[in-house]
Amino acid sequence: MSQRSMFVHISKDSPLNSLHPLPKLALILAINTVALIIEAPIPFLILIGLVMITFKLAKVPFMRIWRLVVVLIIVSQAVIISYVFTSRIPGNMLYQFPWGAYVSDMTLLFSFTMILRYATMLLGSTLILCTTSDRDITYGIVTLRLPYSLAFIFTLAFRSTSIFIDDFTKVKDAMVLRGTDFSRGSLVKRARSYTRLFIPLIFIALRRIVETTYAVEAKGFRVTGSRTYLHKYEVRARDVLIASTLVLSVVAAFILKYWFNVLAFPGWPLNMILRR
Amino acid sequence: MSAISVEHLYWKYEIARGWALQDITLNIDEGDFLGIVGPSGAGKTTLCLCLAGLIPHMTRGELRGNVRVYGTDTSKTSLREIVRRVGIVFQDPETQFVTMSVEDEVAFPMENYVVPREEIKARVGEALQITRMQEYKTRYPYELSGGQKQRVAIASFLALRPDILILDEPTSDLDPVGKSEVFSIIDGLRKKYQTTLIVVEHNTEELAKYAGRLLLLDQGRIVKEDLCERFFDEVPMLQERGVFPPQVTELSYRLSKNRKQSLPVTLEQATQYLKERFSVTETPLNKGDMARSTLSQEAETIIKVEGLRFTYPDGTEALKGIDFKIRRGEYVAVIGQNASGKTTLVKHLVGLLKPTHGDIWVFGLNVKRASVADLATRVGYIYQNPDHQLFCQTVYEECAYGLRNLGLPEAEVKSRVKNILGRLGMSGLEETETFILGKGERQRLAVAAVLAMSPEVIIVDEPTTGQDMKQSKSIMDLLGQINRDGKTVIVITHNMRLVAEHVDRAMVMSDGRILLDDTVRNVFSNIDLLRRTFLTPPQITMLASSLSPDLQGVLTVDELETLLTPKVN
């Protein structure tokens with residue numbers, strides 16, 4: 001038997017599943033913060049490797065990661081275009097544009113590093129959304145003594161993402177059933193088809209907002225004041241240990257970058273190789 | 001004691017030109033069960049929103065008159081104070097879900113009202129047991145079937161136990177036994193906790209069993225309000241306004257000469273009433289003559305399903321070995337309890353789902369190897385929710401969309417659109433924006449857009465959900481006409497009355513299997529098997545059986561009318 005996380009159904013016996021929501025929230029924050037601190041490609045590759053091992057341990061279906069490749073290709077294109085045409089990163093110059101920007105070997109290495117950064121953030125966030133339910137996020141935020149209303153709005157927004165994806169698939173199927181071919185035709189024709197696809201999605205979203213607002217009000221939700229909870233989560237020693245380790249990892253990453261340059265571009269071990 | 005009193009209530013939405021409600025005056029006593037009926041667009045939902053305080057607190061517009069809940073004017077009280085006493089279950093359960101598991105959804109209102117954890121647990125368990133949803137408590141509500149979603153929505157208010165419970169078409173997606181159970185559950189709630197019930201419903205047969213009073217709303221006005229026993233006396237007037245009285249009442253009305261006498265409104269009352277006054281003709285029910293289908297047994301098989309099994313990614317085995325054939329020109333109903341696998345099955349026929357095991361051939365194409373686009377030119381599929389299949393700006397554009405994709409010349413497109421809109425009673429709406437149409441009209445437009453493409457097979461998933469009886473009948477009549485024109489029609493529905501009146505063959509599904517596949521008459525003669533699958537035959541079929549064992553398999557009021565003769569005193 002499985003249970004539904006934000007994005008997929010996951011096995012109940014996954015080790016991540018049994019964690020308290022707090023270390024799960026700490027994990028998502030840690031991965032994204034560390035990814036923003038690091039500027040070195042090799043440490044990024046190590047971090048991505050660790051995230052992939054966690055995916056395996058969490059028993060997240062491989063297809064979920066595979067689908068990210070398309071997103072990553074689009075992101076990579078944008079990163080490469082922006083750095084190649086606009087940056088001035090010192091190194092062995094390969095080409096200079098008339099407007100002053102130039103491409104060096106370091107430009108390419110830095111672009112590659114930035115792609116790794118986005119890949120890490122994408123994989124890390126997906127990992128958490130694949131192993132975390134709205135209840136986890138709510139309880140995690142409430143454990144941090146933040147207001148429940150904040151947790152509720154946050155989870156509602158996240159949940160809407162998966163509903164939006166479901167709606168997207170249904171509308172796209174309906175269009176295909178009426179003869180739309182999203183894979184053929186000129187770019188303009190395909191763009192027009194996708195534009196059309198968003199018309200019902202916007203309508204459905206607006207209707208959902210109105211009706212969900214009614215439902216939330218009718219169920220007695222209030223922004224302030226106390227409330228009770230159906231579930232009770234116990235913070236165990238291992239949850240504290242994991243959360244503390246993650247916080248320490250962020251601090252360590254900060255120190256390693258700004259004091260020791262290990263995580264600063266080009267970072268370990270390239271800084272030693274390039275120095276020679 | 002008055003639970004709700006309404007005095008000369010008028011309401012106009014900010015963006016609307018006319019009044020949605022006009023001069024509504026109404027009193028509902030504590031513990032009453034008030035049923036509200038009326039055609040689509042009559043203002044029933046608006047009235048519910050007013051009674052629940054969501055109008056005027058959550059919606060902009062002009063309000064005149066007043067609504068009092070236990071003596072407190074709703075426009076002068078905070079919404080939170082009102083909803084503490086008034087619960088409302090909306091028509092579309094999906095939009096009411098705010099959490100990601102069934103038990104969390106049921107617990108959510110109680111958590112907001114600071115009910116202690118142990119009490120929440122107990123009430124969640126009880127509400128899920130009553131609504132037969134215990135085994136789904138950890139499931140994601142959005143992935144449940146339509147009927148299960150409605151049960152969850154109802155359970156969340158059952159657990160909260162408000163003083164007044166308003167249900168806006170709460171059973172439109174439920175199987176027949178599920179409908180009865182919901183009514184029985186809420187009536188039990190009324191008896192146990194003195195809960196005041198206000199239920200909007202098209203299914204008058206269930207309302208007649210439980211409601212003390214009924215109210216007919218049309219064009220924002222109360223047209224009739226009376227005790228349930230007297231409410232259905234004016235059968236033609238009700239039918240004219242899109243309300244179909246219970247079949248037993250309709251039959252009694254037709255047979256009765258004394259218009260001043262109240263008519264029976266329930267099966268039990270009608271059995272006694274008719275047994276006292278009528279006898280069964282000696283001519284037995286000629287099942288052969290009454291069979292509608294003239295389909296040749298030699299007709300070509302166009303759909304063949306062999307050993308079909310399907311398992312969803314979460315591990316739910318939705319189809320557990322399905323085999324059947326459908327011949328060209330058949331009119332088939334797929335019926336069954338909620339979550340029996342009906343929608344999953346038909347999605348395979350258009351390639352939206354691929355079998356986990358087994359094979360399906362549609363016009364000789366194996367769907368495992370065919371794309372949705374390959375099948376779409378010959379098989380049309382109409383979704384349960386019209387919002388997912390309307391993506392053009394105007395009604396005309398919506399119908400023309402598929403035709404243009406087929407490469408038809410514009411003159412042909414125009415002619416086909418005109419024709420189909422005419423047949424669905426939507427002429428004159430060509431330039432209307434699709435998204436300002438009411439739900440009933442959107443549903444008909446979704447049907448029109450697919451029918452305009454003239455596919456050889458038309459699959460319709462719950463085409464009558466949320467439609468009043470007049471509109472439902474009009475859609476089924478159209479599908480019947482299309483079938484007589486030679487098309488194959490497959491319809492999923494919980495409306496057994498419409499199946500009996502329009503369809504030839506029925507496949508009864510239960511727990512991912514087909515339990516019975518036969519003519520509609522034979523299927524509805526098998527009452528015991530139907531009960532096991534949470535289905536019941538139409539009320540008229542049940543009435544005929546209770547009048548005489550020889551009358552098993554009667555499908556319509558017309559049929560039974562011809563088989564009864566007045567007793568000579």
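Each chain gets a letter, A, B and so on, in the order its sequence line appears, and its residues count up from 1.
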Here the pair of heavy atoms bringing B:E398 nearest to B:C392 is OE1-N, 2.7 Å
Do you know which of A:S226, A:S160, A:A174 has the most heavy-atom pairs under 4.5 Å to chain B? A:A174
Report all side-chain donor-acceptor pairs from residues 200-208 of chain A shorter than 3.5 Å, counting only partners two or more places apart or in another chain.
| from | atom 1 | to | atom 2 | distance (Å) |
| --- | --- | --- | --- | --- |
| A:R207 | NE | B:D387 | OD2 | 3.0 |
| A:R207 | NH1 | A:E211 | OE1 | 3.4 |
| A:R207 | NH1 | A:E211 | OE2 | 3.1 |
| A:R207 | NH2 | B:D387 | OD2 | 2.8 |
| A:R208 | NE | A:D167 | OD2 | 3.3 |
| A:R208 | NH1 | B:E94 | OE1 | 3.2 |
| A:R208 | NH2 | A:D167 | OD1 | 2.9 |
| A:R208 | NH2 | A:D167 | OD2 | 2.8 |
| A:R208 | NH2 | B:E94 | OE1 | 3.4 |

B:T377 versus chain A, heavy atoms under 4.5 Å apart: side chain, backbone, both or neither? neither
Are any of the side-chain heavy atoms of B:Y381 and B:V450 separated by less than 4.5 Å? no
Counting heavy atoms not belonging to B:Q393, are there more than 12 under 6.0 Å from its CD? no
Is B:A107 in contact with chain A via its backbone, its side chain, both, or neither, using a 4.5 Å heavy-atom distance? side chain
Show your working on side-chain contact (heavy atoms from CB on, under 4.5 Å) between B:Y140 and B:F97 and close with a plain yes or no. CA-CA 10 Å; B:Y140 183 47; B:F97 296 149; over 6 Å; no
Heaviest contributor of heavy-atom pairs below 4.5 Å to chain B, chosen from A:T180, A:T213, A:L197, is A:T180
Using heavy-atom distances under 4.5 Å, tell me whether B:L49 contacts chain A through its side chain, its backbone, both, or neither. side chain
Please state whether the side chain, the backbone, both or neither of B:L352 comes within less than 4.5 Å of a heavy atom of chain A. side chain
Just checking heavy atoms, which of residues 108-115 of chain B are less than 4.5 Å from chain A? B:F108, B:P109, B:M110, B:E111, B:N112, B:Y113, B:V114, B:V115
